[in-house]
Q: 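Dropping a structure here in C-alpha cells format, bear with me for questions.
The sequence lines fix the lettering, A, B, ..., with proteins before strands; numbering per chain opens at 1. Computed from a predicted model, the values in this text were never measured in an experiment.
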Protein chains: 2
Amino acid sequence: MSEVPQLRIGEVAKRSGLAASAIRYYESEGLIRKPARRSGQRVYDESVLDQLALIDLAKGAGFTMAEIKKLLSGFARRTPPGERWRQLTTAKLAELDARIAEAERMKTVLRKVMRCHCPTLDDCSRALRKAQPG
Amino acid sequence: MSEVPQLRIGEVAKRSGLAASAIRYYESEGLIRKPARRSGQRVYDESVLDQLALIDLAKGAGFTMAEIKKLLSGFARRTPPGERWRQLTTAKLAELDARIAEAERMKTVLRKVMRCHCPTLDDCSRALRKAQPG
DNA sequence: ATACGACCTCGAGTGCACTTGAAGTCAAGG
DNA sequence: CCTTGACTTCAAGTGCACTCGAGGTCGTAT
C-alpha cells in the first residue's frame, strides 16, 4: 500500500520551477496529459514532473511549442523517441548553425563600425552607400 | 541648376527594398527625418536612402529599434558617431557572444538526444530526471 | 458564520517590428 | 466628369509563450 503522492498545481509549480499559469497553458496546448480533478482542482502524480522536465529539455534545445507538440504527438503512435528526436533535431541543428553564422556576421559588422571616424552620422550614412553600391 | 531628384514614398520603397509602411513607421518612431510634403504626400530627396541604409546596417548588426534610436538621437548633440557606435557595440558584442554560446549549448543537447534509445517518451522523461537530480 | 488561501475559467495584455485594412485625398488621363 | 493609382491617417492585427486580472468556487480553520 504505498501511497502515491498527489500534487496540486502549486506544488508542481514549486518543484518544477514553472509558474502555475504556464502549467495550465501547457495542458491547454496538449503538451502534458490532463490530470485528474478533485472538486474541480487538478491533482497530479509525480510523473507530471518528468513530462515537464522533458518539455524543459526540449525548450533548452531551442524547440518551439509547436515543435515540442509535434515531438510529443505529431508522429504515428509507435514511432520511437529516438526517431522523433532525430527528425526534428536535424533541422534544428541546421537552424542553430545558421543562427551562429548570423551572429558571427553581426560581430564582423560591429567590429567594423567600432572603427568609425566619420565626423557626423550623415557622413556615416553616405559612406555606407558609397562602400556598397548595388 | 542641377535638379535634386524628388522621390515619393513608393520610389523610396522600391530603391531601399523596404515596404512603404515600414518607412512611415520609421518616421513615426523618429528614426528618419520628416520629409517635406507636397499636397499631403511625403517628398524625399536621396539622402533618405542613406539614412535607411544606416538603419539597415544597424539592424544587420543586431540592434533593436530602441538601440538604433539611441544611436541616432540618444547622445549629446556633438558626440561623434565613432563614440556612439562604440558605446552600443560593446554591449552588443557581449550579447552576441552569449547568443553563440547559447546556441552551442543547444547543439550539445541536440546531439545527446539524437542518440536516444528509449522505447517510449515516458522513459525518456524518466531518464531525464534520473540523470539530472537537482 | 466567515474568513482565508489555493485553486478555477476566461479574456485580455505583454514586447517587438512591423503589416493590414478601412476610409479618405489628390493629380493626371481619357 | 469620372476613374485610376498612388498616396494619406488611424486603429487594429500578427506570432510567440506565456502572464495578469476579474470574478467565482472549494475545503479548512477560527
Q: Would you mind reading off the distance between B:Arg24 atom CZ and C:dT19 atom P, rounded to a whole angstrom?
A: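 Rounded to the whole Å, the gap is 11 Å.
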Q: Take the protein atom CZ of A:Arg42 and the nucleotide atom P of D:dT25, then report the distance between them rounded to whole Å.
A: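 One finds 17 Å between P of D:dT25 and CZ of A:Arg42, rounded.
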Q: Take B:Arg105 and B:Glu102 through the test salt bridge (Lys or Arg N to Asp or Glu O under 4.0 Å) and record every step on the way to the result.
A: CA-CA 5 Å; B:Arg105 199 191 51 69; B:Glu102 172 74 354; 3.1 Å; yes
Q: Taking only the side-chain heavy atoms of A:Ala22 (C-beta and beyond), determine which of C:dA17, D:dT19, D:dA17 contains the nearest atom.
A: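 Nearest listed nucleotide: D:dT19.
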Q: Using the closest heavy atom to pick a nucleotide of DNA chain C for each, name whichever of B:Phe63 or B:Gln41 lands nearer the 5' end.
A: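 Whichever sits nearer the 5' end wins; that is B:Phe63.
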Q: Are B:Arg33 and B:Glu27 ion-paired here, with the side-chain N under 4.0 Å from a carboxylate O?
A: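 No, no charged N to carboxylate O under 4.0 Å.
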Q: Taking atom P of D:dT8 as reference, at what distance in whole Å does atom OH of B:Tyr25 sit?
A: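 B:Tyr25 atom OH is separated from D:dT8 atom P by 18 Å.
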Q: Just N and O in the side chain of A:Arg37: are any of them under 4.0 Å from OP1 or OP2 of C:dT9?
A: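 Affirmative; the distance criterion is met.
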Q: The side chain of B:Ile9 lies closest to which of these nucleotides: C:dA17, D:dC7, D:dT19?
A: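 Side chain of B:Ile9 sits closest to D:dC7.
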Q: To the nearest Å, how far apart are A:Lys69 NZ and D:dA17 P?
A: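 Rounded to whole Å, this separation is 11 Å.
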Q: Take atom CD of A:Glu29 and atom P of D:dC18, then tell me their distance rounded to the nearest Å.
A: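 Rounded to whole Å, this separation is 10 Å.
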Q: Could you state the OH-P distance from B:Tyr26 to C:dA17, rounded to the nearest angstrom?
A: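 About 9 Å, once rounded to whole Å.
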Q: Looking only at side-chain N and O atoms, does B:Thr120 offer a donor or acceptor that is under 3.5 Å from a partner on B:Asp123?
A: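 Looking only at side-chain atoms, B:Thr120 and B:Asp123 do form a donor-acceptor pair, the distance falling under 3.5 Å.
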Q: So does A:Lys92 pair up with A:Glu95, basic N to acidic O under 4.0 Å?
A: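 Yes, A:Lys92 and A:Glu95 are salt-bridged.
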Q: Taking the minimum atom-to-atom distance to the side chain of B:Ser39, which one of D:dC18, D:dT8, C:dA27 wins?
A: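 Comparing D:dC18, D:dT8, C:dA27 against the side chain of B:Ser39, the answer is C:dA27.
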Q: Kindly point out which of C:dT20, D:dT19, D:dT8 is positioned nearest to the side chain of B:Ser21?
A: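 For B:Ser21, the side-chain atoms sit closest to C:dT20.
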Q: Which sits closer to the 5' end of DNA chain D, A:Leu18 or A:Gly40, going by the nucleotide each is nearest to?
A: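 Its nucleotide being nearer the 5' end, the pick is A:Leu18.
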Q: Base, sugar-phosphate, or nothing for A:Ala19, non-hydrogen atoms under 4.0 angstrom?
A: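 Here A:Ala19 touches the backbone only, sparing every base.
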Q: Distance check needed: C:dA17 P versus B:Ile68 CD1, whole Å only.
A: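 From B:Ile68 CD1 to C:dA17 P: 8 Å.
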Q: Could you report the tightest heavy-atom contact between B:Ala20 and B:Ala13, atom names first, then the distance?
A: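 Heavy atoms of B:Ala20 and B:Ala13 come nearest at N-CB, 3.9 Å.
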Q: Given atom CZ of A:Arg8 and atom P of D:dT25, what is their separation to the nearest angstrom?
A: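 Interatomic distance, CZ of A:Arg8 to P of D:dT25: 18 Å.
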Q: Contact class for B:Arg38 vs. all strands (heavy atom < 4.0 Å): base, sugar-phosphate, or nothing?
A: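 It contacts nothing in the nucleic acid.
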